[in-house]
Amino acid sequence: MKFQFESLDAFITMGGHGANVWASYILVYGILIYLTISPLLAKKALLKQQKKLLQLQKKSQDANL
Amino acid sequence: MNWQWFHRLGSPRWFYEKTDAWIIWLMILAWGLLLIGAVWGLGFAPMDAKQKDSYRILYIHAPVAFISMACYYLMAIAGAVGLIWKMKLPYMVMKSAAPIGFAFTLIVLATGSIWGRPTWGTWWEWDGRMTSYLVLSFLYLGIIALQNAFQSRDTADKASAILALVGTVNIPIIYKSVDWWYTLHQPATLKLIGKSTIHPSMLYPLFTMIVGMYVFFTLALILYTRTEILRRESKAQWVKDLALDISSKGDLSKGSLPKGNLPKEENA
């Protein structure tokens with residue numbers, strides 16, 4: 001198995017198809033990164049919100065006592 | 001017959017706890033395979049005689065296309081299980097699969113269009129394969145819209161499940177469109193039955209990408225479902241404990257459950 005391009009420049013330009021190929025890969029890997037990170041951030045925000053809510057409930061209960 | 005395993009499968013808490021340890025391994029495996037496959041396909045696979053280097057888009061286009069169709073079937077099966085057995089977790093899986101499937105379908109349409117320009121001389125053509133794929137993206141959008149259209153969670157789940165089931169008719173149409181109609185899109189090169197028409201030096205990196213993409217899909221579905229579980233079960237004591245426990249430790253990213261026994265039946 002050997003590298004199919006003679007230089008880095010040839011690898012980037014890919015015989016005139018570089019723009020199409022690289023744009024596709026950047027798009028796909030960008031979306032895959034988004035699909036990995038967005039649920040983690042959403043979970044973090046949910047738990048944070050839940051904690052605030054619970055603290056508010058506790059404060060309100062303490063005030064009533 | 002002991003159906004305990006089936007009831008456990010329907011428990012959101014059980015799913016959340018069970019998948020906690022899987023995430024890191026799925027992440028390493030998915031991203032490892034996707035990076036190896038991409039480097040292999042971009043730099044080491046031989047150039048195609050007719051399409052030259054533009055064919056290298058195949059290594060992302062085809063695996064994502066497989067997933068976008070498999071994701072739809074999974075979503076429909078989850079919807080059916082939810083409708084038949086009135087379980088909560090399958091509905092959560094169905095809802096979580098919709099945005100992932102939509103993103104994957106968009107990728108297929110976009111990369112197909114980018115690949116089509118140098119190969120066919122056009123960005124878009126209203127032929128069988130491309131049009132049926134556009135319909136698939138509308139079906140995913142429809143399910144996302146239905147999930148947000150009703151105030152009642154139960155009604156939204158049932159309506160989405162019915163649309164998901166009806167939409168399955170589109171998947172065989174996508175698959176067979178290249179045989180049924182005259183189309184710019186080439187016939188299948190990878191075949192389950194019969195000999196594949198792709199050289200092994202091009203097939204191996206493609207196979208790596210397909211496996212990597214399936215692992216990635218599993219990972220994304222688990223991550224989205226876990227978030228959906230927390231959203232829907234926010235009033236459950238175990239979620240409250242989780243929020244307080246994690247927040248007090250200052251580690252919000254992990255989200256492990258405090259260890260304890262699962263309730264026998266959480267699937268009411």
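Numbers restart at 1 for each chain; the letters A, B, ... are given by sequence-line order, proteins then strands.
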Checking heavy atoms, do the side chain of Leu41(A), its backbone, both or neither come under 4.5 Å from chain B?
neither
Under a 4.5 Å cutoff for heavy-atom pairs, which residue among Thr227(B), Leu223(B), Ile60(B) has the most contacts with chain A?
Ile60(B)
Can you tell which part of Phe216(B) gets under 4.5 Å to a heavy atom of chain A, answering side chain, backbone, both or neither?
side chain
Where does Ala45(B) contact chain A at under 4.5 Å (heavy atoms): side chain, backbone, both or neither?
backbone
I'd like to know if Lys58(A) pairs up with Asp62(A) as an ion pair, taking the criterion as any Lys NZ or Arg NE/NH1/NH2 lying under 4.0 Å from an Asp or Glu carboxylate oxygen.
yes
Comparing Ala23(A), Ser24(A), Gly15(A), Gly16(A) against chain B, the one with the most heavy-atom pairs below 4.5 Å turns out to be Ser24(A)
Do you see a donor-acceptor pair shorter than 3.5 Å between the side chains of Trp238(B) and Glu17(B)?
no
Are Arg153(B) and Gln147(B) close enough that a side-chain donor and a side-chain acceptor fall under 3.5 Å?
yes
Is the number of heavy atoms from other residues, nucleotides or ligands under 6.0 Å of Gln237(B) CD greater than 12?
yes
Within a strict 4.5 Å, meaning less than it, do heavy atoms of the Lys95(B) and Arg232(B) side chains meet?
yes
Select, from Leu106(B), Ile23(B), Ile107(B), Thr225(B), the one with the greatest count of heavy-atom pairs under 4.5 Å involving chain A.
Ile107(B)
Which residue in the set Tyr72(B), Phe104(B), Phe102(B) passes ring pair (Phe, Tyr, Trp, His ring centres under 6.0 Å) when paired with Tyr140(B)?
Tyr72(B)
Per-residue contact mode, Leu35(A) against chain B (heavy atom under 4.5 angstrom)
both
Chain A contacts, top residue of Val64(B), Leu219(B), Leu34(B) (heavy-atom pairs, under 4.5 Å)
Leu34(B)
Whether the Ser68(B) and Tyr133(B) side chains hold a donor-acceptor pair (N or O, under 3.5 Å, no angle test) is what I'd like checked.
yes
Note: vs chain B, highest number of non-hydrogen pairs under 4.5 angstrom among Thr36(A), Leu27(A), Leu53(A) is Thr36(A)
When the 4.5 angstrom heavy-atom criterion is applied to Tyr55(B) and chain A, the contacting part is neither
Region of Ile33(A) that comes under 4.5 Å of a non-hydrogen atom in chain B
both
Hey, is Asp20(B) close enough to Arg226(B) for a salt bridge, meaning N to O under 4.0 Å?
yes
Of the backbone (N, CA, C, O) and the side chain (C-beta and beyond), which part of Phe3(A) lies under 4.5 Å from a heavy atom of chain B, both, or neither?
both
